[in-house]
Amino acid sequence: VTVTDDRPATRRLLATWGVLGTRADLAGHRAVHGDLNVRADGGLLDAIARSGLTGRGGGGFPTAAKLELFRRHRPSILAVNASEGEPASRKDATLLSICPHLVLEGAQLAAGLAGSGAVCVCLHEGSAAYDSVAEAIAERRATHLGDLPTEIVVVPSRYISGEESALTNFLMTGRPLPLHRRSKSVPVTFGRSGTVLVQNTETLAHLSLIARHGPVWFQSAGTGGEPGTRLVTISGAVHHPGVYEASAGAPLGSVLGLAGLAAPLSGVLVGGFGGSFVSPQHLALPYSPSGLAPAGAHPGAGVLIALPVGSCPLAEVARVARYMASESAGQCGPCVFGLPAIASDLELLAAGSAGQAVLDRLRSRLGAVAGRGGCRHPDGVVRMVRSALDVFAADLGAHVNGGGCGGRVGVIPVPRNQP
Ligand code: SF4
C-alpha cells in the first residue's frame, strides 16, 4: 500500500503515517492526535452539523442529519462499513491498517450519538486490515477505555456486500442482499432487533478529528461548499498507484498528479466501477460532488483510474461491465438479464465485430435497465457505460466502422477471477 501526501495542510487522516511512518498503535495514535476528551452529546452533534461533514462512502449524505435520523430509531448496531466491495478502492482498508484507533473512536462517538449498543467493524473476506483492527480492539479492551462492545464481522467479498441495505440485511439476517426500500431516507427496521446505522470508515475518522478540533478546523481545508479532505485511491496510468489525501475541491488533475501521471490520458474513471468517465478536458474541475457535476461525475467511493492514450477504452468498459454483471445479487430481472446483455454488446463492439445495429441495441438496453433495479447497482453500470460512450465517441466510431483499435487492455484493476 502506498500512502503518501507530504503536504501538512492536507495530512489529516494520514497524519500518523506522516509522523510515524508505520501503523499507529494506541500510544502512537495518542502521541499524534492527543487524547479524546469529548462526550457524545448534543454539542458534538451540533459541531458535526456545522462542520458540513458528508458521508465518504459514495452517497454523500450529511453525517449529522443521518445521525439525527437514526437516533429516532435507536439502532442496535453501529456498523463501520469497511467492506470496500469496490474493486479499485483501497482507502478504507488503508485507513484501518495504519490508524485503526481514529476510526474506532469515531465509531464509538457515532454509536453514542445514535444510541447504539454495539459496534461492528465490517471487513470483507481476506481484508488486509483484519489484523490491524483486531489488535486495536484488543488494545482498547486491555486499556479499559470503556468502549461499547466492538467486534469484527467478515462479510462476503462481493461488490454488492457494501451496499448499505445489503450490509444491514447481512448483519440482521445473514443474507448479504440489498433490500427493496420505498424510501432510502427511512431506516429499514427488523422487529425487536431494531435497525443498523451504517457509516463509512473514512467518515468516522473525520468525525473523530472534528470531535477534537471542531468544525472551523475541519473547514480550513477544502472549499466553502465542500469542506475537509478526501481519501482517494488512484490507479491506472500513474507512477505511484495508492491512497492519497487531498483537499476537497482541488483540481481533478492535481489530485491525479499526487500519484504522478505516467502518460497522456484518454479519460479518467471517477468514483469507481459504478462511476463516470470524464475526458482530459475536465481535469481542471474541482474534485468534489458539485465540482464534478458539470462532467456528470461524483467522487463516489473515492476512486480515480487514469486511462492512457493507447489503451482500448471500449475493451476496458466491457471488462468492467462483465464484472458488474457477475456481481448482481440475482434478485431483479433488469439487473440479472440486462447487465450481461449490456456486457455482451460492449464485447462485440470492443472486438470490432459489431456495427451500428449493436450500438443502437446497447443504447436501448441501457434505457431499459436504468432505474429498474431494486438497488442502484444497475444504475451505476448504466452511468459508467453511457459516460464511456460519450467520452470515447471517437474510439467508438472507429470500432463501429470496422475493426478494433488495437489498443492495450488491462489498465482497470478488474478482479483476477473475472474476465
Ligand atoms: S438491482 Fe441487481 S444488485 Fe440490486 S437488488 Fe436487484 S438484482 Fe440485486
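Values below: all heavy atoms of this structure, side chains included; hydrogens, waters and symmetry mates excluded. Atoms within a ligand are numbered from 1 in the order they appear, just like the ligands themselves.
Judged by distance alone, the side chains of S247 and R230 never bring a donor and an acceptor atom under 3.5 Å apart. Side-chain contact check for R140 and T150: no donor-acceptor pair (N or O, by modelled atom type) lies under 3.5 Å.
Between Y159 and H377, the angle of the ring planes lies from 30° to 60°, which puts this pair in the tilted group.
Shortest contact from atom 6 (Fe) of ligand 1 to any protein heavy atom: C332 SG, 2.3 Å. Scanning the protein heavy atoms around atom 8 (Fe) of ligand 1, the nearest turns out to be A329 CB, 2.9 Å.
Atom 2 (Fe) of ligand 1 has an N, O or S atom of C335 closer than 2.8 Å. With a cut-off of 2.8 Å, atom 4 (Fe) of ligand 1 has an N, O or S atom of C375 in range.
Annotation for ligand 1: atoms under 4.0 Å from non-hydrogen atoms of Q331 are 5 (S), 7 (S), 8 (Fe). Ligand-side atoms of ligand 1 in range of S328: 2 (Fe), 7 (S), range being under 4.0 angstrom from any heavy atom. When each atom of ligand 1 is checked for a heavy atom of G373 under 4.0 Å away, the hits are 1 (S). Residue G374 has at least one heavy-atom neighbour below 4.0 Å for each of these atoms of ligand 1: 1 (S), 6 (Fe).
Only side-chain heavy atoms of P178 come within less than 4.0 Å of ligand 1; its backbone N, CA, C and O stay farther off. With a heavy-atom cut-off of 4.0 Å, P378 touches ligand 1 through its side chain alone.
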Requested in this report: Kindly determine whether R386 and D390 satisfy salt bridge (Lys or Arg N to Asp or Glu O under 4.0 Å), including the steps that lead there.
Outcome: CA-CA 6 Å; R386 279 180 170 159; D390 285 345; over 6 Å; no
Query raised in the report: How far apart are the C-alpha atoms of S208 and R212, what are their side-chain angles, what is the distance that settles it, and do they pass the side-chain hydrogen bond (donor to acceptor under 3.5 Å, both in side chains) test?
Result: CA-CA 7 Å; S208 177; R212 284 180 164 83; 2.9 Å; yes
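E125 places a side-chain N or O within 3.5 Å of a backbone atom of S157 that can act as its donor or acceptor partner.
Between D46 and R50 there is a salt bridge, since a side-chain N of the basic residue sits under 4.0 Å from a carboxylate O of the acidic one.
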